[in-house]
There are 2 protein chains.
Amino acid sequence: MARAGLTAERVTIAGAELADEVGLDRVTMSQVARRLGVKDASLYSHVRSLEDLRGRIALLAADEKTIRIAEATAGRSGKDALIAFADAWREYAHQHPGRYMATQTPIQIDPELAADAPGPRRAVELTYGMLRAYGLAEPDLTDAVRLLRSTFHGFVALEAAGGFAHARSPQHSWVRALDALHALLEHWPPSREGDSS
Amino acid sequence: MARAGLTAERVTIAGAELADEVGLDRVTMSQVARRLGVKDASLYSHVRSLEDLRGRIALLAADEKTIRIAEATAGRSGKDALIAFADAWREYAHQHPGRYMATQTPIQIDPELAADAPGPRRAVELTYGMLRAYGLAEPDLTDAVRLLRSTFHGFVALEAAGGFAHARSPQHSWVRALDALHALLEHWPPSREGDSS
DNA sequence: TTTGCTTTCCTAGGATCTCTAGGTTATATC
DNA sequence: GATATAACCTAGAGATCCTAGGAAAGCAAA
C-alpha cells in the first residue's frame, strides 16, 4: 500500500485548512484523516492528540500572521507602519478564521514545540520595533504594545463573533480606531496622573 | 422516581458552572447531566443540542456581565465610570473564564432566544451612556464604543490565552491602558486627517 | 540478493460522546 | 379519582478519541 507521506506539519496544515473551511470546533481527527486519505489512527504517529493538533494549528497561525505583518511593515515607519501592521493582522484573521480562532485558546501548547516556533515572540518584537518611532520608553513601551495588541485582537475577535451588528461598517470604525491609536501614541499620557477632570 | 426539576435555565447554569471549572470545551451533555443527577437524554427536553447549550451559556454570560457593569457604573461618570466599567468587565472575565469564553464563539445563537436576552444590546447601550460625558457625536461615538469594547475584550482575551508572558504585571498595563483610553476620549482626533508627522 | 531495522500505516476494539425514539411515571388540573 | 401533560427514563445507532499490536514499505549493510 502506497504511503501517504504524512508528517506532523502536513497533518497540521490539513487541520488548519479544515478549520478555515468548517470552523475550528468541527476539526476532528477523523475528518483530518479523511482529508488526507488515511485512517484516523494513523495520525497519532505524528500528533499526540486532538489538543496537540489544535496547539500546532495555533502555532502555525501565529507564525503565518507574524510573517504577513513583517512583510507588510518592512520599510515603513510611524503611522504608515501602524496601519500596515494592523491591516495585515486583520486581513490574516479574515482570511483564516479557523486558524486565527485557534490562537485564542488558553495556552496548552507543548512547551518544547513552542520553543522553536518563532511566531509569538517575534510578533511582540515587531510591535516593539514599530513603536520605537513614537519615542516611548519602558515601561510605557510595554504598556503601549499590550494596548495595541489588545485592540487589534479584540476588534477582529468581536468582528468574527458578530459583535458589530449593523449600522456603521466595521471598516470605517477600524480606520478611525487606527487614527485614534496613532494620536494616542503621539501623546502618550504621563505616568503619574491624579484626578484631572 | 423524584424529579430533578430541570429547566432550560438550570441546565444552562450547570453548564456554565462546569465551563468555569473545567473549561468550555470540556462541557459535554453527559457531564452536565451527571452534575444534575440525571441521564444525558433528559437534557434534550430543555436544550436542543450541545451547540444550543453553548449559545445559552454565552447569553447568560452576556447578561451577567452587563448587570455587573451596570451596577459598577451606576452613579459614576467620566473617568470614574470608564474605570468602573472596564474593571467590572475584566473581573467578570476573570471570575467566569468558561462563561466568558462562550461569548467568543461565532454567532450561532437561536435568534428567538437572543431576542429576549437583554445582555448584549444593553451592554452596548451602557457603553454609549458612559461615553456621553466625553461629548462625542455620531459617528465618532460608535467608533469610540467599538474601540473601547475591542480593547477591553482583547485585553482579557490575551490575558486568558497567556499572551502577556512575563515581566510587567498585566494589572499595571491595564491601569495604564485605561489612562490612555481616557486621554484619547478627551482628545478624540477629528475625522479628516491627512499626514501629520 | 538477502537480511534486518525503522517507520508508516493498518485493523481491531474499548470508552465516551451526541442525539433520537419511544416508554413510564410524577405532578397539576379537573 | 381520572386524565392530560410534562419530566425523566431505557435502548440504541452512529461518531468520536485514542491505544495496542500487526503488516508492510523503505532503507542500510552484508
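Note that the structure is a prediction, hence the values are computed from the model and not measured. Naming: A, B, ... by sequence-line order, numbering from 1 per chain.
Residues satisfying the side chain to side chain donor-acceptor pair (under 3.5 Å) criterion with B/E71, sequence neighbours excluded, are absent altogether. For B/H96, the ring pair (Phe, Tyr, Trp, His ring centres under 6.0 Å) test picks out B/Y92, with sequence neighbours left out. Every residue two or more places apart in sequence or in another chain that forms a ring pair (Phe, Tyr, Trp, His ring centres under 6.0 Å) with B/F85 is listed here: B/F152.
Of the residues in residues 16-45 of chain B, those with a non-hydrogen atom less than 4.0 angstrom from any atom of DNA chain D are B/V38, B/K39, B/A41, B/S42, B/S45.
Among pairs with a residue in residues 95-107 of chain B, those fulfilling salt bridge (Lys or Arg N to Asp or Glu O under 4.0 Å) read B/D20-B/R99, B/E64-B/R99, at least two apart in sequence or across chains. For residues 159-174 of chain A, the set of pairs meeting the salt bridge (Lys or Arg N to Asp or Glu O under 4.0 Å) definition, not counting sequence neighbours, comprises A/R90-A/E159, A/R168-B/D143.
Between the CG atom of B/L50 and the C1' atom of D/dT16 there is a distance of 13 Å, given to the nearest Å.
Put simply, A/H46 has a side-chain N or O that comes within less than 4.0 Å of OP1 or OP2 on C/dC9.
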